[in-house]
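This report refers to the structure that appears directly beneath it.
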Amino acid sequence: FETMTPPLRAAEQGQAPRAIHNMIAGERVEGIATFTKISPVDGSVVAEVHEAGTEQVDRAVAAARAAFDGPWGRMTVAERARLLRGVADAIDRRADELVSAEVGDTGKPETLARDLDVARAAANFRSFADTVSTAGLDSFLTELPDGRRALNYAVRKPLGVVAVIVPWNLPLLLLTWKLAPALATGNTVVIKPSEETPSSATLLAEILAEAGVPAGVVNVVHGFGADSAGEALTTHPGIDGVTFTGESSTGSAIMRAVAPRVRPVSFELGGKNAALVFADADLDAAVAGLARSTYLNTGQVCLCTERIYVQRAVFDDVAAGLAEHAARLRLGRPEQPATTTGPLISQAHRDKVLSYFDLAVAEGATVLAGGGIPTLGDGLDGGSWIEPTLWTGLDNSHRTVREEVFGPVAALIPFDTEEEAIALANDTDYGLAAVTWTTDLTRGHRVAQQMRTGMSWVNTWYLRDLRSPFGGVGLSGIGREGGHHSLEFYTEPTNVCVQL
Ligand code: NAD
């Protein structure tokens with residue numbers, strides 16, 4: 001992995017783009033081909049990435065198996081926890097490089113990469129070092145009707161070689177959210193980062209090696225999904241489990257891929273998340289919160305709000321306030337401190353988001369803010385920029401209110417009663433997150449508990465305790481991550497029963 005050079009400067013200086021290799025058993029490994037990673041900020045070339053074929057994936061899985069069977073598998077929990085804390089410290093030390101890797105691939109504001117992605121990456125390692133150090137075992141003193149007595153207790157054992165497949169929106173954060181508990185519990189891994197964000201995972205592999213994680217424990221293969229490294233990994237017979245974050249349809253494909261060998265899966269998938277704003281809400285706080293939950297990371301967070309149900313008495317005020325917030329967002333170069341909003345990840349993703357902008361108009365939407373491609377000048381117009389957008393005039397029957405857009409856009413829809421609001425929010429095939437805005441304490445609890453989602457916030461959004469369960473229902477996923485929930489996925493219990 002070569003030192004990060006900001007993409008524009010490399011192009012300006014006429015340098016060849018840097019190469020990103022697969023990382024297998026501690027070595028940089030070439031692929032069967034290379035593909036070009038393009039900057040979403042200005043369309044410049046970020047890197048040439050080595051795509052792993054089946055041979056490289058085989059080598060990565062074999063390296064992970066060998067490492068699992070080696071000293072790593074015999075390390076004590078305390079030794080592994082110490083190592084994870086060392087990784088967190090190394091992430092802090094090399095934060096600037098990680099920020100630059102993340103920003104180069106995604107175009108997100110540097111402040112966001114630093115405060116969210118990289119800070120959380122370190123926090124993930126510390127949190128799971130703590131969780132694994134303090135976890136207890138299930139145990140039962142058993143008394144049978146015939147008088148026999150026994151002690152039952154379950155020991156946890158790692159799954160083995162885990163495939164970690166992650167998306168591009170919060171690449172380092174989502175990767176470390178899986179990697180930290182996988183390593184804490186003694187697994188070895190093969191990571192397949194998104195083809196859109198190869199840089200931070202590759203740099204992290206280097207940081208892990210420096211922090212003392214043995215070669216082969218963490219391997220990185222690059223490439224695409226179907227007919228590429230992703231599929232080669234999920235269909236590989238040497239994989240003992242798959243942890244995946246990404247689109248619901250990809251989750252289905254991975255489930256089919258592992259079905260013949262019946263491997264455990266943990267899926268964090270898409271969302272079409274609702275916010276409910278009651279007339280008794282603190283409207284300034286609600287509007288500011290909605291602006292954040294709709295537009296953070298250019299709407300490319302799985303938890304982002306895309307449906308906003310507002311009680312009729314305050315509908316116009318919320319609509320006007322949120323449209324004003326959307327218009328105030330500053331699109332610009334990631335390194336400029338005033339920038340609030342980056343581009344979408346790619347031209348292909350922008351085409352998808354724009355197709356929903358067109359569809360919304362065809363479905364009868366009124367566009368209160370945005371709705372198209374901005375003209376930014378300053379060399380940015382080769383990037384995949386999009387305007388923060390807001391719609392009214394749609395309802396739950398429209399595709400734009402049912403399908404995940406994954407961009408900076410939400411539909412505002414009025415409601416009259418609490419029951420109606422709950423029914424509208426739950427009327428979706430997804431079920432990841434919801435937000436309720438109200439100053440009525442009991443209503444907040446009552447409504448939040450009735451959301452058919454894995455996460456339900458009241459008067460806030462994306463406030464996370466890493467020990468709490470994270471995941472979705474319906475199309476939004478299978479299983480929960482966080483604290484002991486992660487420990488359960490990454491381990492298999494063996495129950496021991498001793499007659500007393
Ligand atoms: P994606 O499903 O297209 O890709 C995710 C990863 O899967 C990539 O590494 C990709 O190469 C790989 N992949 C694709 N097809 C594959 C296949 N057939 N076999 C194996 N691997 C395959 O998702 P994306 O576009 O990168 O990310 C955006 C999506 O992720 C959105 O739907 C978003 O809601 C979801 N997401 C969910 C969460 C969550 O925690 N629930 C978090 C972030 C993103």
Side-chain angles (χ1 to χ4, degrees), residues 35 37 40 49 51-52 54 57 105-106 116-117 120 124 163-178 190-198 200-201 220-236 239 242-259 263 265-273 296-306 344-346 348-353 356 403-407 428-433 453-455 462 464 469-482 485-486:
F35 61 93
K37 164 61 196 166
V49 188
E51 179 184 359
T54 49
V57 171
D105 282 355
T106 62
L116 179 66
D117 300 73
R120 246 298 287 281
N124 284 340
V164 178
I165 303 186
V166 277
W168 45 258
N169 60 330
L170 304 169
L172 186 66
L173 185 161
L174 293 170
L175 168 58
T176 51
W177 178 235
K178 295 176 180 305
V190 180
I191 298 165
K192 213 296 282 168
S194 167
E195 53 275 27
E196 291 293 348
T197 49
S200 56
V220 182
V221 292
H222 291 293
F224 304 85
D227 300 321
S228 182
E231 189 176 326
L233 187 57
T234 51
T235 53
H236 199 289
I239 289 298
V242 180
T243 176
F244 168 72
T245 298
E247 282 188 17
S248 302
S249 58
T250 311
S252 301
I254 292 177
M255 222 167 165
R256 284 193 296 275
V258 300
R263 293 294 185 264
V265 292
S266 166
F267 283 170
E268 306 283 4
L269 308 177
K272 187 71 183 177
N273 308 302
L296 186 80
N297 205 38
T298 318
Q300 303 167 120
V301 179
C302 53
L303 307 166
C304 272
T305 304
E306 293 195 4
L344 292 172
I345 188 68
S346 64
H349 188 50
R350 183 168 74 173
D351 289 345
K352 176 186 159 191
V353 173
Y356 280 104
E403 297 174 15
E404 182 184 50
V405 179
F406 217 55
T428 172
D429 294 331
Y430 290 100
L432 191 59
T453 57
M455 280 82 61
Y462 202 179
R464 293 274 300 119
F470 184 97
V473 305
L475 280 185
S476 292
I478 296 180
R480 294 292 183 277
E481 298 185 295
H485 302 277
S486 295

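Below, each value reflects all heavy atoms present in this structure, side chains not excepted, and no hydrogens, waters or symmetry copies. Each ligand, and each atom within it, is numbered from 1 in the order the structure gives. Residue numbers run from 1 in the order of the sequence given.
The CD atom of Glu268 sits 8.0 Å away from the CZ atom of Arg480 when rounded to the nearest 0.5 Å.
Nearest residue to atom 23 (O) of ligand 1 from Glu247, Arg256, Glu268 is Glu247 (criterion: closest heavy atom). When the options Val166, Val242, Leu173 are ranked by their closest heavy atom to atom 9 (O) of ligand 1, first place goes to Val166.
The protein atom (non-hydrogen) at minimum distance from atom 35 (C) of ligand 1 is Gly246 O, 3.3 Å. Given atom 21 (N) of ligand 1, the protein heavy atom at minimum distance is Gly230 CA, 3.7 Å. Of the protein's heavy atoms, Cys302 CB, 3.5 Å lies nearest to atom 36 (N) of ligand 1. At the top of the distance list for atom 28 (C) of ligand 1, counting protein heavy atoms only, stands Phe406 CE2, 3.5 Å. In this structure, atom 41 (N) of ligand 1 lies nearest to the protein heavy atom Leu269 O, 2.7 Å. Atom 27 (O) of ligand 1 has Pro167 CB, 3.2 Å as its closest protein atom, hydrogens excluded (heavy atom only). For atom 44 (C) of ligand 1, the closest non-hydrogen atom on the protein side is Asn169 ND2, 3.4 Å. Among protein heavy atoms, the minimum distance from atom 12 (C) of ligand 1 is reached at Ile165 CG2, 3.7 Å.
Of all atoms in ligand 1, listed by their number and element, those nearer than 4.0 Å to a heavy atom of Leu432 are 41 (N). Proximity to Phe470 (heavy-atom distance under 4.0 Å) selects the following atoms of ligand 1: 40 (O). Listed by number with element, the atoms of ligand 1 under 4.0 angstrom from any heavy atom of Thr245 are 5 (C), 36 (N), 37 (C), 38 (C), 39 (C), 40 (O), 42 (C), 43 (C), 44 (C). In summary, the atoms of ligand 1 found under 4.0 Å from a heavy atom of Glu231, numbered by their order in the structure, are 19 (N), 20 (C). Close contacts of ligand 1 with Leu174, meaning ligand atoms under 4.0 Å from a residue heavy atom, involve 42 (C), 43 (C). Heavy-atom proximity to Phe224, at under 4.0 Å, picks out these atoms of ligand 1: 11 (O).
Contact annotation: for Val301 versus ligand 1, there are no heavy atoms closer than 4.0 Å. The proximity of Pro193 to ligand 1, defined as any non-hydrogen pair under 4.0 Å, is limited to the backbone.
Residues in residues 163-177 take part in these side chain to side chain donor-acceptor pair (under 3.5 Å) pairs, two or more places apart or across chains: Asn124-Thr176, Trp177-Glu481.
The main-chain N or O of Gly230 is never found under 3.5 Å from a side-chain atom of Ser228 such that the two would form a donor-acceptor pair. Looking only at distances, no side-chain donor or acceptor of Lys272 sits under 3.5 Å from a matching main-chain atom of Glu306. Using a distance-only test at 3.5 Å, with no hydrogens or angles considered, no donor-acceptor pair links the side chain of Ser476 to the main chain of Leu269. Formation of a donor-acceptor pair under 3.5 Å by the Lys192 side chain with backbone atoms of Ala229 is not found in this model. Remark: side-chain polar atoms of Asn273 are paired, donor with acceptor, to backbone N or O of Ala433 under 3.5 angstrom. Put simply, the side chain of Thr298 never gets that close to the backbone of Gln300: no donor and acceptor are under 3.5 Å apart.
Remark: atom 4 (O) of ligand 1 lies closer than 4.0 Å to no protein heavy atom.
Two residues are said to be in side-chain contact when any heavy atoms from C-beta on lie closer than 4.5 Å; Pro198 and Asp105 meet this criterion. By the 4.5 Å heavy-atom criterion applied to side chains, Val49 and Glu195 are not counted as neighbours. Here the side chains of Phe244 and Val258 are not in contact, with every heavy-atom distance at 4.5 Å or above. Proximity of Ile478 to Met255: side-chain heavy atoms (C-beta onward) are separated by under 4.5 Å at one or more points. Within the 4.5 Å cutoff, side-chain heavy atoms of Leu175 are placed close to those of Val164.
The closest approach between Gly477 and ligand 1 stays at or above 4.0 Å for every heavy atom of the residue. Within the structure, the closest approach of Gly471 to ligand 1 does not fall below 4.0 Å when heavy atoms are considered.
Inclusion of Thr250 in the set of residues having an N or O under 3.5 Å from an N or O of ligand 1 is warranted. Of the polar atoms of Phe244, none of the N or O atoms is found under 3.5 Å from an N or O of ligand 1, judged by distance alone. The shortest N/O to N/O separation between Glu404 and ligand 1 falls below 3.5 Å. For ligand 1, the polar-atom distance check against Lys192 finds a nitrogen or oxygen pair separated by under 3.5 Å.
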Audit row: Leu173, Leu116, side-chain contact (heavy atoms from CB on, under 4.5 Å) steps and yes/no: CA-CA 8 Å; Leu173 185 161; Leu116 179 66; 3.9 Å; yes
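Between Phe224 and Phe35, the ring planes are tilted. Angles from 30° to 60° get that label.
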